[in-house]
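Heads up: the structure comes next, in structure tokens.
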Amino acid sequence: MQPEATGGAGLGRRVWVVVPTYDEADNVAAVVAALAALDLGLRVLVVDDDSPDGTADIAERLAREGAPVEVLRRAGERGLGSAYL
């Protein structure tokens, strides 16, 4: 039995994929596109630790263009573990 796209036993939950980033401007669009292509109703949360290369800006542009992505900007390099939390 496969879980429903809304989550688990139909409880209306949404599945989020957390993508911690730092200097991933060259990769973030491809990652978001690949996840969206799965057609599972996923949402992507890009957690960016103040990337100097504009990673968060690219992710925000993708969101404006309709990609299933949201961006959480964090000041400084705060680390992978806290990005997931």
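The chain is numbered in sequence order, starting from 1. Quick note: numbers below take in every heavy atom, side chains included, and nothing from hydrogens, waters or symmetry partners.
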Inset, instruction - Answer whether the closest heavy-atom distance between the side chains of R61 and V69 falls below 4.5 Å. - result: no
Inset, instruction - Answer yes if V44 and Y22 sit in the same cluster of Ile, Leu, Val, Met, Phe, Trp and Tyr residues linked by side chain heavy atoms under 4.5 Å apart, and no otherwise. - result: no
Legend entry - Heavy-atom pair with the smallest gap, counting every atom of A59 and V71: CB-CG2, 3.4 Å
Inset, instruction - Find out whether V32 and L35 are in side-chain contact, i.e. whether some heavy atom of one side chain is under 4.5 Å from a heavy atom of the other. - result: no
Inset, instruction - Give the minimum heavy-atom separation between E24 and T55, together with the two atoms involved. - result: N-OG1, 2.8 Å
Inset, instruction - Write down the atom of A25, the atom of D53, and the distance for their closest heavy-atom approach. - result: N-OD2, 3.0 Å
Legend entry - Salt-bridge present (R73, D48; N to O < 4.0 Å): no
Legend entry - Validation row: V46, V28 side chains within 4.5 angstrom (heavy atoms): yes
